[in-house]
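Below: one structure, written as structure tokens.
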Amino acid sequence: MLLVFLLMLALIMVATLVTVQTATYGHSTGQVRSHALTSARVVQDKIQNRATQLSTALSTFSQDFSTKGLIRTGKDDPASLRSALGNHQKRMEADLSWVLDQDGRLLSSTAETEAKHLEVSAERYLTGGIHWLKLDNHYYLVQAAPVKFVESSPRANAWLFGAIDAAKLIEQQLVELTDMQVSLMADGAVVVGSTLPMVQAETLLSQVNQVLHSPGSLKLDDMELLFFTFPIGQADALSLQLVLVTPADKAYLSYNSLLGQLALILALAAALALIAAIVVSNGITRPLTSLVSVTNKISKGQYIDEVPQSSTAEIASLSGAISEMQQGIRQRELEIQQLAYFDALTGLPNRNQFNEQLRELIAAQKAVTLLVMDLDRFKDINDTLGHGIGDQLLKLVANRLATLAVPNLFMARLGGDEFGLLCFDDKQVDADTFAKKVRAIFEQPFAINKIVLELDASIGLAVCPEHSSDPDNLVQLADIAMYSCKGHHHSYAIYAPALNKYSVQRLSLMTELKSALASDQLQLYYQPKLDLKKSKVVGVECLVRWIHPVHGFIAPDQFIPLAEQTGAIRHLTNWALRKALQQQQAWRNLGFELQVAVNISALDLVDMKLPEHLAALLDEYQANPSSLILEVTESALMMDAEAAMRALQRIHDMGLVLSIDDFGTGYSSMGQLKQMPVHELKIDKAFVLDLANNKDDQVMVKTLVSLAQHLELSTVAEGVEDEQALSMLREVGCDKAQGFYLSKPLPAAQFESWLRSYQPPLATELNA
Amino acid sequence: MTYRWSLGWILLFACSGMAAELEVEVKAPDSRPLAHAVVYLLSDAPLPPVKPGTVAEMDQIKKQFKPHILVVQKDTQIVFPNSDSIKHHVYSFSPAKTFELQLYKEKQPALPFDTPGQVELGCNVHDWMLGYIYVVDTPYFAQTDASGVARIEAPAGNYRLYLRHPRIQDAPEALETPLQLGEKTRHRFVLQQPLLPSLQSFEEDTDEFSGYE
């Protein structure tokens with residue numbers, strides 16, 4: 001981080017330096033070039049001035065009357081003319097002067113030069129510009145003027161020339177004027193004149209000749225020099241080179257000092273930035289690093305009491321947030337643990353903790369008596385009274401369990417209406433005693449919101465190490481015991497190997513039921529219903545029987561709840577309906593007109609396809625709808641009253657007969673009952689079995705029948721076991737009777753022979 | 001006046017012989033007529049000399065030579081009267097006549113012009129003053145008028161015709177031609193080379209330098 005920062009800083013500095021260097025170098029070079037150009041102009045001006053001066057002087061000289069006279073007589077008297085030229089040459093500060101006549105022939109000259117070199121066309125030298133002439137290896141600045149004997153004459157009568165030694169033009173004064181060393185160079189190598197000593201000038205200019213390009217740099221006595229060249233002289237004539245030289249140091253003086261200052265400033269800025277970076281790093285990076293290590297620890301499940309503090313506000317707030325997060329995590333962890341190991345409703349430990357406890361106890365080689373318990377008919381209570389009541393009931397059960405006077409007890413709610421208890425390492429409480437003590441808490445009814453509920457439970461026990469020393473297995477064994485208890489209406493059962501079949505069946509039945517339907521393992525048994533008024537068998541209740549090839553007879557209350565749980569009940573119901581109608585058709589063909597009654601599950605009622613299916617079946621077996629009775633338990637109706645009502649209404653509209661099964665044991669209100677589209681009530685056998693001897697039952701049956709009559713419902717009594725009960729039922733006006741007194745449920749063939757041989761008692765007989 | 005008289009005399013003389021007239025026309029390359037050009041005839045035969053005592057006049061008026069161009073026969077005396085109120089310094093460096101009349105105002109004696117040729121006159125105190133005297137060895141000469149035409153009366157015969165003017169740059173060969181003078185002879189000079197810069201200020205009567213007075 002810091003490294004990246006430093007790198008960036010360095011890059012910026014280098015970029016700045018390079019940019020500034022390039023820009024200033026360019027600027028300085030431009031300055032020098034501009035300086036050189038100006039200097040060159042100054043020098044040129046000086047030379048031009050000299051030329052103009054010479055030209056003016058020549059002009060004046062040429063107009064002099066005596067000059068004209070001397071020139072007129074020049075041929076005859078050249079000495080006089082030469083002497084006059086010499087005189088004027090001094091005045092003009094020229095170095096040479098000569099006169100050519102009208103035809104360009106030399107008249108007179110102050111030079112020793114051969115005439116032919118001097119006999120040049122005057123035209124070129126008249127313009128007043130800078131003109132050079134090379135004479136005897138010397139370079140001269142030359143001017144000319146026409147001599148007209150009569151000034152206004154259109155023709156010149158002679159030409160007057162003046163020349164100045166070029167070397168003299170390069171004066172030391174130029175150095176002061178231009179701040180540069182000035183040299184004049186001819187033919188690319190010859191030094192004509194210089195402000196430098198001749199030897200240096202020659203050394204320099206030989207290098208200039210090699211560099212070719214102007215400006216350029218060269219060295220003289222280890223000194224870096226910059227030079228610039230400019231042509232000087234009229235373009236059409238001989239042209240000389242002006243060479244300006246300046247020390248490079250001088251040219252780039254300001255540039256170098258500026259770069260130095262800039263480097264210093266940048267270095268200072270870098271140092272400051274570095275300090276700032278370290279401060280920032282201390283304020284942010286270090287606390288962040290320590291916070292990272294803290295969060296790493298938290299993620300590993302360690303808790304940190306002190307989250308590092310920081311003076312930086314952002315870091316401090318982050319630190320605070322991490323601290324809060326840790327608290328939140330701790331809180332939620334506790335809640336999760338609570339949820340994981342405790343049941344939220346009852347506050348009892350849950351199955352997880354129960355299993356753990358059991359494992360620990362067994363691992364500690366303790367003697368453990370395991371008791372599992374589930375509440376009978378709890379589902380009905382939930383369905384009819386609502387889950388609120390169900391939950392309260394579970395709490396009450398938990399409360400009562402807590403009052404158990406059993407030492408070394410651990411209890412848990414295993415889920416739903418299932419509880420588990422562990423009694424460990426106490427030889428004084430054996431399984432039986434333990435079971436009875438638990439059983440005892442159900443002796444008193446439970447009161448919830450002024451509703452009093454009688455509650456029973458199925459209890460199964462298993463003992464470690466007698467039955468098993470494997471915790472899971474032990475729970476399974478207790479479960480097996482509990483289910484066996486359910487099947488046999490015992491108050492509790494202690495595991496015995498003989499009970500194993502229940503567990504095996506339970507597991508396999510679920511998968512086997514469907515195939516059993518297909519392979520005719522299931523059969524319908526028929527129990528007759530006697531019309532008490534007509535004293536005639538008018539119908540049958542169709543009851544499902546499962547003869548398992550391995551397990552033998554399986555009671556309906558073992559597999560029907562299973563079928564309801566797995567959803568197979570629909571197939572079962574459909575199968576039963578089809579079988580019943582098929583059988584009814586068969587009987588009809590034999591001359592027996594019998595109503596068939598089939599039990600319908602609560603789940604069937606909410607299956608919206610049922611009415612459709614019924615219609616199809618009735619059609620298939622050409623059955624009269626009123627000859628098919630659907631029996632629905634009271635609790636099934638209450639489960640989802642609205643949906644059930646809609647389904648019943650449709651079935652009712654189709655003309656089928658609806659009957660409420662097990663009436664009197666549920667909790668249906670009269671209001672609801674009144675609205676139900678049903679035709680028949682089946683009085684639960686609990687009220688009928690002991691009817692002959694039990695006055696309460698007699699009152700109850702009488703009341704129920706009376707109630708049904710007021711609601712214009714017919715009544716069927718189940719569980720008729722003797723003639724006395726039958727008579728009583730007829731007396732109270734019950735419409736039909738069903739029970740062992742008439743016949744137990746029989747397979748179709750046996751039922752037929754029974755029916756053929758059955759002599760119904762005459763109404764009069766019964767009355768008697 | 002003397003001059004006019006002498007011309008009249010020549011004409012009279014010519015008429016008395018087998019008088020013939022020559023009309024010479026001078027045209028510049030741009031076809032414009034050249035005025036004041038001097039034409040004259042020379043002959044191998046001896047021609048009448050100037051009458052002794054013939055005097056011509058080259059005056060200085062308003063700081064100009066008047067006339068600008070003067071033609072005289074050889075041996076004519078020329079006076080340089082000064083009509084201005086200031087001094088002049090008239091001179092010539094021409095080979096035909098080199099002389100100098102230093103700073104004078106009063107009347108100067110007449111100078112003899114005995115060498116044929118062009119005499120360029122200047123004034124040493126007035127650079128712009130320019131005058132020409134053509135000294136010819138013949139009595140048969142004339143100057144072109146504004147339309148570039150000059151007429152010479154001379155006895156018929158064989159001559160050489162010459163043309164002179166300070167502005168002419170043509171080679172001398174082009175400025176002379178043999179000529180047989182008949183009763184009515186014409187000749188035209190058409191110049192090939194451009195003329196030197198105009199000398200109009202001298203040729204006109206107007207004096208643009210009067211402002212310097």
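Below, chain A is the first sequence line, B the second, and so on; all start at residue 1. Computed from a prediction, not measured in an experiment: that's the story for all the values here.
At most 12 heavy atoms of other shown residues, nucleotides or ligands fall within 6.0 angstrom of atom CG in D44(B). Annotation: H89(B), atom NE2; neighbour count of heavy atoms from other residues, nucleotides and ligands within 6.0 Å is above 12. By the neighbour-count criterion of 12 heavy atoms within 6.0 Å, atom CZ of R160(B) is densely surrounded, having more than that number from other residues, nucleotides or ligands.
Taken from CD in Q102(B) to CZ in F65(A), the straight-line distance is 7.0 Å, to the nearest 0.5 Å. With rounding to the nearest 0.5 Å, the separation of OG in S152(A) from CD in E120(B) is 9.0 Å.
Across V150(A) and L130(B), no two heavy atoms sit closer than the pair CG1-CD1, 3.2 Å. Nearest approach of I168(B) to R155(A), heavy atoms of both residues: O-NH2, 2.7 Å. Taking each heavy atom of P166(B) and P154(A) in turn, the nearest pair found is O-CG, 4.3 Å.
Contact tally against chain B (heavy-atom pairs below 4.5 Å) for R72(A), K68(A), E151(A): the top residue is R72(A).
Heavy atoms closer than 4.5 Å to chain A are found in the backbone of S94(B), but not in its side chain. Interface residue E100(B): only side-chain heavy atoms are found under 4.5 Å from chain A.
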